[in-house]
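First comes the structure, then the notes that go with it.
We number each residue from 1, following the sequence as shown.
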Amino acid sequence: MYTLRPYQEAAVQATLQHFRRSREPALVVLPTGAGKSLVIAELARIARGRVLVLAHVKELVEQNSEKFMSYGLEAGIYSAGLDRKDTSEKVIFGGIQSVAHAGSSFFDEFSLVVIDECHRISGEGGTQYTEVLSKLRLKNPELCILGLTATPYRLDTGWIYQIHNKGIIRSEEKRLFRRCLFELTLREMIESRYLTPPVQIDAPVASYDFSKLASDLGRRSFSRTELDEILKDQTRITPVIVENILDLSRDRNGVLIFASTVSHARHVLSLLPEGESALVVGETETDERDDTIERFKSRKIKYLVNVSVLTTGFDAPHVDVIAILRPTESVSLYQQIVGRGLRLSEGKVDCLVLDYTGVPHDILRPEISDRRPSPDAVPVRVSCPQCPAENDFWGLKDDDGQVVEHFGKKCRGAVVDPESADIVPCGFRYRFAVCTSCQSENDYLAKSCAVCGAHLKDDETKLKEANSARDAHVMRPDTMTFEMKTDGKGRDRLEVRYYDLDGQFLSEVFFFDDNSGTKVFHYNFSRFHNPKPEKTIEVDSIDRALGSLKEFRIPLFVIARKQGKYWRIREKIFQ
C-alpha cells in the first residue's frame, strides 16, 4: 500500500469535509510532482460509491491508472487510445473523448468524479466535459465533482474557481468550481524538499526579442503566425542559444527544450547532436510520439524538443535541464513547463532552468490576474486593513525589497457565512473611481455610480475625450514639486506643481487654515496620490506636507480644463 504525505492527507481531509456538507464542485491545487495520484487513490479507496477519474490525454489516463493499481488497488480503464473499454469496476480511469461517447448505462452509480488537469475545462458550455458532467448528474444529482490541477488559471477566463480556502475571492463571475479546498505552493514543495530546487538562469548568452508581444504577456495565447514572424528575422541567434544549451548541459542527464513553433523546433533539432536528440510536436503520429518519449525516459536520447506538447501529463524525473525558447503567456504555463524538471530522482541535485526569451517569469511567484502595469512592476503581498486577507498585487520595491507602491484596486478577501454558505466580500477599496456627479467612491472598473447611477468613464475614455476637446489640456508630468506660497491676502498655501519634460507646468493649491483645509487635501490629493492607500499619510499643515513629498506618487497624466485665463486641474490618471 502507500503512506500519504502530510499535505496529501490534508488535501484528502479538506475534500471529505467539504463534500460532507456541500455538493458544490470544488478543486485541490497541487504542484507538478506533489503526488496527485495518491490523493486520487485515497479518495477512490474510501468512496462509498463508484469513482470516475477523467483526463484529457491517454498518457495521463495510463499514468494515473498504473500508479493506482501499483498500490494493489483494482481499477478499470475506459480509453480508446489505450484499447480498453472497462465499465464494471468501482474505479474507472477514463479519457474524456472516449467517455463522452459512452452509452447511457456507463454513467450509472458514480458518486465521485475526479478531473485531472481540470484547468483544461473551457469556461464555455457545450464541451465534452460539460456534457459528461450533465450525464453523470442526471443519473446522480448528489454527484461530488472534484478538480485537480497545478495551475488553476486560464488565459481566456482567468481563475477557474471563485473563492480560495484562505478567504480570497479569485473571481466574482460564475465558475464550474466554486471553491479551492486546499493549495500547496511550488515554494512550499521545494522548501520541504519534496521537489528538486530550480536554478533559474535568464538569457545566459543571448535571448530572442519578443518585445512586440511583451505588452500582452499574461493576457492571451500567442499564435504560431505571430511567433514565426518574429523568429524568422532572428535565426542567427538560435545556433548561439543551442550551443549554450549544449555547453551547460554537458554533465546533465535529460534536457527538455520548449520551442515556439514547429519550424523553430526543427531548426533547433538540426543543431543538436544527431542520435541523441528527437522532436515531438502536435502533429507527430501517436506511435512515433510514444516511441520517442519512451526512448527519452529510458535515457537513450538526451535532448527532447517539443512545441506545447509536454507541458502536462509528462513524467520523466531524470530531466535536470529545462530550456525555454518560447515566450510563456502566463505564470501558470511557465510553472507547468518548469515543473517538468522538478521531480525528485536519484543523484539529481537541482534543475537548470535556461530562459532565452528575454521575458521570463518568477518561478515561485503567484499568478496575478491584473495586467502588469509596467515592466518594472513585481508581485507584492499587501495586507488588508479591514480583514485578515493578504492580497497579491503588482507593485514596486526598493533596493531593500520593501514595497514602495502597489497597484491593487480592491481587497479580494471574503468570509463564508456559516449558515447560508454565501460568500461575503470584504469590499475594501485600495483604489476607486470617483463619481463626478456626487463624489462618491465606486469600484475602479464600475460602469455606473452605485449611489446616483451616473455614467462612470474609464481612464482611456477620459484621455481620449480630453485630447479631442479644445478647452482641455493633457500633460504627462515628469516631476512633482511642493512649495509654500503666499496669496494676495497674505494667506500661506501649498502649491503643487506638475512639470513635463519641456518645463511647462500645471498647478493646484491647498490651504491648511483649519480642519476643513486638512480634509480637502486628504480628499482631493492624499487619497489619490498615496502609493500604499491602506496606510494613511497624515498631513495637517504646510510644513508637514513639504516634508511628505516623497511619500506621494506622481500621476501618469494630469487633465486640466480652461477656466477664464487659467488652467484648472480636473482629473488625474495613475498607473
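Centroid-to-centroid, the aromatic rings of Phe93 and Tyr78 stay 6.0 Å apart or farther. In this structure, Phe432 has its ring center at least 6.0 angstrom away from the ring center of Phe428.
Both tests do not hold together for Lys139 against Phe107: distance to the six-membered ring centre under 6.0 Å, angle to the ring axis within 45°. A cation-pi contact, defined as under 6.0 Å to the ring centre and within 45° of the axis, is absent between Arg431 and Tyr444. Figure legend: cation-pi geometry between Lys409 and Tyr430 absent, as NZ or CZ is not positioned both under 6.0 Å from the six-membered ring centre and within 45° of its axis.
Shown here for Lys58 and Leu82, the closest heavy-atom pair between the two residues is O-CD1, 3.9 Å. Pairing each heavy atom of Ala100 with each of Val132, the nearest pair is CA-CG2, 3.7 Å. Across every non-hydrogen atom of Ala75 and Met69, the tightest pair is O-SD, 3.9 Å.
Here Glu9 pairs with Gln13 under the side chain to side chain donor-acceptor pair (under 3.5 Å) rule; sequence neighbours left out.
Under 4.0 Å is where a charged nitrogen must lie from a carboxylate oxygen, and between Glu42 and Arg45 at least one such pair does.
Between Asp320 and Leu352, every side-chain heavy-atom pair lies at or beyond the 4.5 Å cut-off.
Side chain of Ser134 to backbone of Thr130: a donor-acceptor contact under 3.5 angstrom is found.
No hydrogens or angles considered: a donor-acceptor pair under 3.5 Å links the side chains of Thr461 and Asp458. A donor-acceptor contact under 3.5 angstrom links the side chains of Thr151 and Gln336, judged on distance only.
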Using the salt bridge (charged side-chain N to carboxylate O under 4.0 Å, His left out) rule, take Arg381 and Glu390 through it: C-alpha gap first, then chi angles, then the decisive distance, then the call.
CA-CA 6 Å; Arg381 184 150 289 179; Glu390 296 284 333; 5.2 Å; no
Could you give me the CA-CA distance, side-chain angles and deciding distance for His56 and Gln97, then say whether side chain to side chain donor-acceptor pair (under 3.5 Å) is met?
CA-CA 7 Å; His56 68 289; Gln97 296 90 346; over 6 Å; no
Give the C-alpha distance, both sets of side-chain angles, the deciding distance and a yes or no for ring-ring contact (aromatic ring centres under 6.0 Å, His included) between His318 and Phe296.
CA-CA 10 Å; His318 77 286; Phe296 180 73; 5.1 Å; yes
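Of the candidates Glu173, Arg178, Glu172, Arg175, Gln162 forms a side chain to side chain donor-acceptor pair (under 3.5 Å) with just one, namely Arg178.
Pairs of residues two or more places apart, or lying in two chains, that qualify as ring pair (Phe, Tyr, Trp, His ring centres under 6.0 Å) and include a residue from residues 4-40 are Tyr7-Tyr194.
Taking the six-membered ring where the residue is Trp, Tyr161 and Trp159 present perpendicular rings, their angle passing 60° and hence far from 30°.
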